[in-house]
2 protein chains.
Amino acid sequence: MQIMSARRYGQFCGVTRALEIVGERWALLIIRDLLVSPKRFTDLRQGLPRIPTNILSTRLKELEEAGVVRRRVLPRPSGAVVYELTEYGQQLDEIVMALGRWGAQRLGEPGPEDIVTEDSMIMAMRSTFHPEAAVGRNVRYQLNLGQIVIHMDIDNGDLQVGSGEAEDRDIVIEAGPAIKALMAGEITPDEALAEGSVKVTGDPDLLKQFAETFYI
Amino acid sequence: MQIMSARRYGQFCGVTRALEIVGERWALLIIRDLLVSPKRFTDLRQGLPRIPTNILSTRLKELEEAGVVRRRVLPRPSGAVVYELTEYGQQLDEIVMALGRWGAQRLGEPGPEDIVTEDSMIMAMRSTFHPEAAVGRNVRYQLNLGQIVIHMDIDNGDLQVGSGEAEDRDIVIEAGPAIKALMAGEITPDEALAEGSVKVTGDPDLLKQFAETFYI
DNA sequence: CTGGATCCCTCACGATACTG
DNA sequence: CAGTATCGTGAGGGATCCAG
């Protein structure tokens with residue numbers, strides 16, 4: 001008789017159950033990246049450079065078993081394996097974004113070893129979007145952070161965030177970690193431009209609109 | 001120079017930061033219980049019987065350091081030590097409730113070792129409350145689950161959940177794990193009463209109202 | 001090259017005993 | 001009551017290897 005998996009909490013409770021499913025180390029970060037798009041094993045590794053492959057492998061199996069992730073083999077000739085969230089897994093979208101907003105309040109300066117990934121930025125932009133500031137507007141932002149390029153398309157107040165350059169962009173914002181200071185209200189758009197920590201190509205007023213639309 | 005704490009994820013990201021703060025094992029369960037009320041060390045142990053005391057001790061220190069929990073010594077003559085959430089910690093309320101709703105969808109039958117605690121039930125009732133089903137209503141439910149007795153007071157559509165018996169209660173609901181089956185829609189109130197897995201003292205129609213107000 | 005499996009090592013966690 | 005001390009175990013970290 002199986003006494004009790006040591007990793008269980010021994011309570012009949014929703015929170016407890018949730019943590020047994022996605023509370024293990026790395027699990028919610030895998031889900032964060034899969035919320036952006038389905039991915040191959042190697043793509044997940046790139047988005048989480050410090051995860052050991054055996055842990056990634058184990059987590060994917062556990063999440064698949066729990067019905068959070070689905071492993072899918074693409075049809076020939078590709079034959080590639082992709083991992084994607086089930087509908088149940090997609091339900092974590094709001095929770096992961098809320099956690100991101102909560103944690104962002106304690107993001108100080110990036111450490112020397114800290115990296116920024118494309119998927120984490122896409123989720124960050126989605127989670128800090130304030131629809132009430134964008135009602136009825138149409139704008140296309142492109143954001144360059146070193147190698148990372150993403151775009152935010154606001155169509156009639158609706159947000160779409162994606163990888164790569166924006167088509168017909170209204171403004172290109174180029175920044176480093178200062179983008180967080182700007183979005184956290186630690187500096188104003190004017191200050192950011194003045195000190196050169198944020199550069200724009202296009203109407204600088206759009207940077208103000210940006211900061212009023214995306215903030216913690 | 002401190003290279004990097006092994007427990008860090010090495011990313012400059014809100015989700016990552018959040019998980020570094022509350023992602024360790026047991027942390028969110030401690031917070032779940034503190035969301036209900038401030039507690040002493042021993043109270044926390046009772047609500048989390050399987051937590052080793054050194055882990056509880058360590059987590060409390062980490063959470064205090066992160067500004068999530070505050071350790072407070074009550075004034076004389078009590079002199080007791082209580083742990084309570086800071087305002088930053090309170091912000092986890094919605095997240096913990098959302099996790100509870102998400103995990104509750106995968107709560108099967110309770111295992112032989114599974115226990116139910118008062119605080120977890122209080123959070124479960126808060127998180128499954130559907131205000132739109134209670135607008136303008138005034139009801140006082142008492143819920144007995146073995147030793148555990150809690151009450152839900154709906155005052156003009158507003159919910160307050162607390163420990164112990166309800167004053168001027170309209171109905172006492174007595175149940176076991178079947179309360180979850182009822183709230184998950186796996187059985188109807190009529191079936192629950194018919195098979196005896198739920199018993200009521202008071203108007204049985206109030207049990208239907210209950211199931212329409214509190215559900216996953 | 002993708003998608004892992006395997007190995008070894010370390011440290012966080014778990015169980016229990018003990019103390020101011 | 002409110003924790004600390006001790007020690008064993010297993011999950012996680014890191015490197016390497018392997019099959020398709």
Side-chain angles (χ1 to χ4, degrees), chain A residues 2-11 16 19-30 33-34 38-65 69-84 113, chain B residues 2-11 16 19-30 33-34 38-65 69-84 113:
Chain A
Q2 164 88 351
I3 302 297
M4 160 146 40
S5 163
R7 295 262 102 187
R8 296 211 48 222
Y9 287 103
Q11 299 195 2
T16 306
L19 293 177
E20 285 164 358
I21 298 173
V22 296
E24 298 292 310
R25 193 162 163 75
W26 294 107
L28 274 176
L29 295 181
I30 295 170
D33 285 8
L34 291 182
K39 288 192 168 51
R40 308 167 63 145
F41 192 89
T42 309
D43 300 332
L44 286 166
R45 282 184 70 175
Q46 282 193 340
L48 303 166
R50 300 174 60 89
I51 193 175
T53 61
N54 57 344
I55 299 294
L56 176 53
S57 196
T58 304
R59 289 291 167 276
L60 286 170
K61 267 181 217 127
E62 290 164 354
L63 292 172
E64 191 184 353
E65 175 113 13
V69 162
R70 182 169 33 237
R71 184 185 198 272
R72 194 153 59 90
V73 180
L74 297 184
R76 307 252 57 181
S78 153
V81 177
V82 293
Y83 296 90
E84 60 190 6
E113 307 257 7
Chain B
Q2 163 91 345
I3 303 294
M4 159 146 39
S5 160
R7 295 260 99 188
R8 296 211 47 222
Y9 288 104
Q11 299 196 0
T16 307
L19 293 177
E20 284 165 359
I21 298 173
V22 297
E24 298 292 308
R25 193 162 163 76
W26 293 106
L28 275 177
L29 295 181
I30 294 170
D33 285 7
L34 291 182
K39 288 193 167 51
R40 308 170 61 150
F41 193 88
T42 309
D43 299 333
L44 285 166
R45 281 184 70 177
Q46 282 193 339
L48 303 166
R50 299 173 61 88
I51 194 174
T53 60
N54 56 347
I55 299 293
L56 177 55
S57 196
T58 304
R59 289 290 168 277
L60 286 170
K61 268 181 217 129
E62 291 164 353
L63 292 172
E64 191 183 355
E65 174 112 15
V69 162
R70 181 168 34 236
R71 184 184 197 274
R72 192 153 60 90
V73 180
L74 296 184
R76 307 252 62 182
S78 155
V81 178
V82 294
Y83 296 91
E84 61 190 5
E113 308 259 7

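Heavy atoms only: backbone and side chains are in, while hydrogens, waters and symmetry mates are out. None of these values were measured; they are calculated from a predicted model.
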So if I take every side-chain heavy atom of [X] and compare against [options], which nucleotide ends up nearest?
X	options	answer
K61(B)	dG12(D), dC1(D), dT4(D)	dT4(D)
R25(B)	dG14(C), dG3(C), dA11(D)	dG14(C)
I55(A)	dG12(D), dG14(C), dG3(D)	dG12(D)
V81(B)	dG3(D), dG14(C), dG14(D)	dG3(D)
F41(A)	dG14(D), dC13(C), dG3(C)	dG3(C)
E24(A)	dA12(C), dG14(D), dG12(D)	dG12(D)

At less than 4.0 Å, is any side-chain N or O atom of [X] found next to OP1 or OP2 of [N]? Yes or no.
X	N	result
T42(B)	dA2(D)	yes
W26(B)	dG14(C)	yes
Y83(B)	dG3(D)	yes

* **Terminal axes of the helix from dC1(C)-dG20(D) to dG20(C)-dC1(D) (five pairs each): angle between them, nearest 10 degrees** => 30°
* Can you find an N or O donor on one side and an acceptor on the other, under 3.5 Å apart, linking the side chain of N54(A) with the base of dG4(C)? -> no
Protein N or O to nucleotides 16-20 of chain D N or O, pairs below 3.5 Å:
none

* Asked: So which of R70(B), K39(B), R71(B) actually passes side chain to side chain donor-acceptor pair (under 3.5 Å) with E84(B)?
  -> R70(B)
* For the pair R59(A) (side chain) and R25(A) (backbone), establish whether a donor and an acceptor sit closer than 3.5 Å, ignoring hydrogens and angles. =>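 Checking the backbone N and O of R25(A) against the side chain of R59(A), a donor-acceptor pair under 3.5 Å is found.
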